[in-house]
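Data block below; observations after.
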Protein chains: 2
Amino acid sequence: MSLPHAILTALLERPSSGLELTRRFDRSIGYFWSATHQQIYRELGKLEAEGYIRTLPAEQPARGQKKSYEVLPAGRAELARWTAAAQDPRPQRDVLLLRLRAAAVVGTDGLEADLHRHLELHRRQLAEYQEIQRRDFPPGKDAPEDRLRHLVLRAGIDLETFWTQWLTHALDELGELPGPR
Amino acid sequence: MSLPHAILTALLERPSSGLELTRRFDRSIGYFWSATHQQIYRELGKLEAEGYIRTLPAEQPARGQKKSYEVLPAGRAELARWTAAAQDPRPQRDVLLLRLRAAAVVGTDGLEADLHRHLELHRRQLAEYQEIQRRDFPPGKDAPEDRLRHLVLRAGIDLETFWTQWLTHALDELGELPGPR
DNA sequence: GGTAGCATGTAACGCGTTACATGATTCG
DNA sequence: CGAATCATGTAACGCGTTACATGCTACC
């Protein structure tokens, strides 16, 4: 039940059309809540039906026409309610850890190459986050309204840092393991 | 497409019935791939139909009767294939980070209490992992076949450590923020 | 006017979740 | 025998994913 709230947040930051939202979900918000354009259009329809958002006055309702949405007061209230409500952490889901556990049973053949690939992907993501930090949060300038956003970014940086370190360590261990290479 | 492989791994470690699997998914494997008993029964049916597992000879097929499964050679081969195959990391999904981003727009009212609760949950999980480490991986004794399992456990420990640190930091920042308290 | 790209959708399917149903076993 | 517990299921629904469809706009 989080996609509608992700969309409300994005629309409050800036009113947008479906495709613009999709693009923003590929960048900033999508770093921790991804969505495809099909999900977004489906959800925009629901949010509009529930009275949380509306199309901007300059709309043409035809099919191939751009249609921008803005958040209504009821939408902002719902987002505030959701933000403050207690929520249990979702159960963990990590395919890579599952694969290592499987490898402990059926062997590590072919695993190493993909671990290298993942390491490279995480390094790239980390570099991207650090670049954003340099650009948007230079040291010294720390406006109160940016504090929360910086906090979120730092979570991303620390998580990617963890994965690069852990994968490096995992590759070390794999190298020392007996078995076909 | 990972639940069947999680089940194959668990069944290779030890043949089990559906409910026993459910219990094991509440503990070890479920730490990074959770599943309910409904999912597990559904998936056991599919895996049996595909010839990857079979019921142990001592079966009684009646409804309330215990039914244990073991992995067939085809199932082990499929698991080995899946383990070695390249897989892209799943896009991140984290509700808490999303909520912080929403709070940057609609305010932080009511957020603090739930962050405290999450911090406590992560501290408890971390303690549980460390207890498992003390019990199953005492320093010095590091059999090669346990290396991979220990590696997975350390990922869990490091991730929970990260969350406790990050949440502590987040609560510090929230405290310094202006606004209704 | 034909083609490429922009923009908004529809349809189908599978996994994950929640609620409920049914049969066996144990024990007072 | 009645209740609690163990054990295996069924049904319904929503989100996430993939593939495909339709209508505009710009440009050669």
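Each chain gets a letter, A, B and so on, in the order the sequences are listed, and its residues count up from 1. Because only heavy atoms are used, hydrogens play no part in the values below, and waters and symmetry mates are left out as well, while side chains stay in.
Taking every side-chain heavy atom of A:L19 into account, C:dA7 is the closest of D:dT17, C:dG16, C:dA7. Considering only the side chain of B:K66, D:dT8 comes nearest among D:dT8, D:dT17, C:dT8. Nearest nucleotide to the side chain of A:W33, out of C:dG16, D:dG16, D:dT8: D:dG16. Taking the side chain of A:R42 as heavy atoms from C-beta on, and the options D:dT17, D:dA12, D:dA7, the nearest nucleotide is D:dT17. Listed nucleotides: C:dT8, D:dG9, D:dT8. Nearest to the side chain of B:Y69: D:dG9.
Minimum interatomic distance between B:G107 and A:T83 (heavy atoms only, all atoms of both residues): O-CG2, 4.5 Å. The two residues B:A170 and B:L115 have their closest heavy-atom pair at CB-CD1, 4.5 Å. The shortest non-hydrogen separation linking A:Y69 to A:L44 is CE1-CD1, 3.7 Å.
To the nearest angstrom, C1' of D:dT17 lies 16 Å from CD of B:Q87. B:L47 places its CG atom 11 Å from the P atom of C:dC15, with the value rounded to the nearest Å. Following rounding to the nearest Å, A:L44 (CG) and C:dT8 (P) show an atom-to-atom distance of 9 Å. Atom NE2 of B:H5 and atom P of C:dG14 are 16 Å apart (whole Å). As rounded to whole Å, 20 Å separates atom P of C:dC6 from atom NZ of A:K67. Atom P of nucleotide D:dG14 and atom CD of B:Q39 are separated by 18 Å, given to the nearest angstrom. Rounded to an integer number of Å, the gap from NZ of B:K46 to P of C:dG14 is 7 Å. As a whole-Å value, the separation of A:Y41 OH from C:dA11 P is 17 Å.
A salt bridge is defined here as a Lys NZ or Arg NE, NH1 or NH2 lying under 4.0 Å from an Asp or Glu carboxylate O, and A:D114 with A:R99 meets this definition. Salt bridge annotation for A:E160-A:R124: absent, with no cationic side-chain nitrogen under 4.0 angstrom from a carboxylate oxygen. Salt bridge status for A:R134 with A:E131: present, with a side-chain N to carboxylate O gap under 4.0 Å. Under the 4.0 Å criterion applied to side-chain N and carboxylate O atoms, A:R54 and A:E48 are not assigned as salt-bridge partners.
In this structure, A:S17 reaches the sugar-phosphate backbone alone: every heavy-atom distance under 4.0 Å involves primed, P, OP1 or OP2 atoms, never a base.
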Dump the pairs, protein N or O against N or O of nucleotides 18-20 of chain D, anything under 3.5 Å, distances to one decimal.
{"unit_1": "D:dA19", "atom_1": "N6", "unit_2": "A:Q38", "atom_2": "NE2", "d": "2.7"}

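For the pair B:G18 and A:L3, nearest-nucleotide mapping onto DNA chain D gives the more 5' position to B:G18.
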